[in-house]
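Order of the sequence lines fixes the chain letters, A, B, ..., with proteins taken first and strands second; residue numbering starts at 1 for each chain. Side chains are part of it too, since the values below use all heavy atoms of this structure and drop only hydrogens, waters and symmetry mates.
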Protein chains: 2
Amino acid sequence: MTTARSAPATRERICGAAEALFMAHGYEATTLRSITAAAGVNLAAVNYHYGSKEELFRAVLTRRLDPMNQRRVDLLDRAEREAGGRAVACERILAALLVPALELARDPRTGGNDFLRLLGRAYADPAPFIRRFLSEQYATMIARFKSAFALALPHLPRKELSWRLHFIMGALSYTLAGTDALKLIAELKPRETANDEVLLRRLAPFLLAGLKAPLPDLSEVTAELDGALVAPARR
Amino acid sequence: MTTARSAPATRERICGAAEALFMAHGYEATTLRSITAAAGVNLAAVNYHYGSKEELFRAVLTRRLDPMNQRRVDLLDRAEREAGGRAVACERILAALLVPALELARDPRTGGNDFLRLLGRAYADPAPFIRRFLSEQYATMIARFKSAFALALPHLPRKELSWRLHFIMGALSYTLAGTDALKLIAELKPRETANDEVLLRRLAPFLLAGLKAPLPDLSEVTAELDGALVAPARR
DNA sequence: AAGTCAATCAAACGATTGTTTTAATCCTAA
DNA sequence: TTAGGATTAAAACAATCGTTTGATTGACTT
């Protein structure tokens, strides 16, 4: 295919430099000139190899997102196979969701932690093309996991499960995207913050407990919430 | 102070228009020209009244963030007063954290939901001045709540508590920032997504369970996590 | 009624953005 | 070696950005 020997090198170096810079400054604030300068290539190379800045961003995300989500589905597949016809335990399902992210963060080839931060930030990006892209990337995977959780938690209404899955994705992406700004919350040294393995080992029990939490009472009001709500205090 | 009658009107209209546009497109992608056009004022008015785009953004955040965080601390104060010397129940502390956000979302005067989305997005923004601003805004409030939780959960190591508080803020801000892109996760109609009261009533039990979850075993490996990790599958 | 000062306006500033163009260069296949 | 397509290079493209300038307005004080 690509005839020249050094041809793919340029593409790869652009992608790598773009990943680091997108993660450091976000999509809008990262200029093509800074990317090409960091990659040591000509400015026009981006539009030549990728067509546009948007497509470059999609390529950066896809390169790591596709294998990670595929691995998630694979792990879930195997768990279901091993479970025979019975429901897979919540722990196993959740592990299938978290472990590929952990593996990615560990992978020394990649700027793993950097990418997960970039991904976490992309979740909150309002740019339509980013939102559309992520929706497409995640649609099938999320559907599979929702079905698996529904089997494992038969007492949980479907809508409640949807919400809890939403909360899980929230805590996960926010935690991964967390930079040093909110370091003060965790009182952690930067080295520890970057250690995603410990992070996920703490996150898993937290999420698991939330997933198995008793149903909220939505008909009548929760005592604590309304006790505070009816209060006159306006200061 | 402000002598002219219509003087404050311009400032306010700029702030309101900026809030809506920042929320819709993010900080970088929002131009001063679109803000002044939406507010019906001259382009130079922003620099005249606020000095710069950054200061305008800070003003937009402060206008609603300051009262909300103050209200959080006030609610916690009252709960501690009512508890006498004893520890406040986790439910009460969590309610003090969530209720002001709920109140803000309900307030018809404000574009409440819009602002919470803007805030959730700001958490993930890498711009240094934004991160610095949020750190300063949240530092004291977070410290107060961490101490309260530490009293309510004496068995929980301080570091573990820091992490769980981090997860809580993550699920909260991500959920509030959630736009329609991940609507498919929750299979919810847009109207329901915008209803933040139901959202928080579902979120509170989820977070409470996570907060009270048993301690993770960090010395030896969790069975489920490692069962998947040691697997050879690379596909 | 003259003067003062904050507020608004149109216009332009210099810098930077993503993208395109045109020519030079490289590597491979004939 | 030579023809030819793929890649790189330098330069300019039009558009847009945040900010500043200098003139003009209008309400209030003396």
**Request:** Let me know, please, whether N42(B) or V46(A) comes out on the 5' side of the other along DNA chain C by nearest nucleotide.
**Result:**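 The residue whose closest nucleotide sits nearer the 5' end is N42(B).
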
Just how far, in rounded Å, is [atom2] of [N] from [atom1] of [X]?
X	N	atom1	atom2	answer
H25(B)	dT16(D)	NE2	P	15 Å
Y48(B)	dA7(C)	OH	P	4 Å
R33(B)	dA12(C)	CZ	C1'	10 Å
L32(B)	dA15(C)	CG	C1'	15 Å
I35(B)	dT19(D)	CD1	P	11 Å
E28(B)	dT16(D)	CD	C1'	14 Å
I14(A)	dT7(D)	CD1	P	12 Å
N47(A)	dA9(D)	CG	P	15 Å

**Message:** Taking the ring of Y138(A) and the ring of F133(A), is the distance between their centroids below 6.0 Å?
**Reply:** no

**Message:** Using a heavy-atom cut-off of 4.0 Å across all strands, would you classify T30(B) as base, sugar-phosphate, or nothing?
**Reply:** sugar-phosphate

**Request:** Verify the contact: side-chain N or O of H49(A) to OP1 or OP2 of dA6(D), cut-off strictly under 4.0 Å; return yes or no.
**Result:** no

**Message:** Strictly below 4.0 Å: does T10(B) bring a side-chain N or O up to OP1 or OP2 of dA7(C)?
**Reply:** no

**Request:** Enumerate the residues from residues 50-63 of chain A whose closest heavy atom to DNA chain D is under 4.0 Å, giving them by residue number; use none for an empty result.
**Result:** none

Thinking salt bridges, do [X] and [Y] make one under a 4.0 Å N-O criterion?
X	Y	result
E19(A)	R117(A)	no
R58(B)	E136(B)	no
D125(A)	R121(B)	no

**Message:** In the structure I gave you, are the side-chain heavy atoms of F22(B) and F115(B) within less than 4.5 Å of one another anywhere?
**Reply:**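 They are not in contact (no side-chain heavy atoms under 4.5 Å apart), so the answer is no.
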
**Message:** Less than 3.5 Å apart, any donor N or O on the side chain of D74(B) or Q70(B) sitting next to an acceptor on the other?
**Reply:** yes

**Request:** Measure from the side-chain heavy atoms of A44(A) and tell me the nearest of dT19(D), dT21(C), dG18(C).
**Result:**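 Selected nucleotide: dT21(C).
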
**Item:** Minimum-distance nucleotide (side-chain atoms of T31(A) versus dG18(C), dG18(D), dA6(D))
**Value:**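 Within the option list, the nearest is dG18(C).
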
**Distance under 6.0 Å and angle within 45° of ring axis: R72(B) vs F145(B)** =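 Geometry flag: not set, cation outside 6.0 Å or 45°.
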
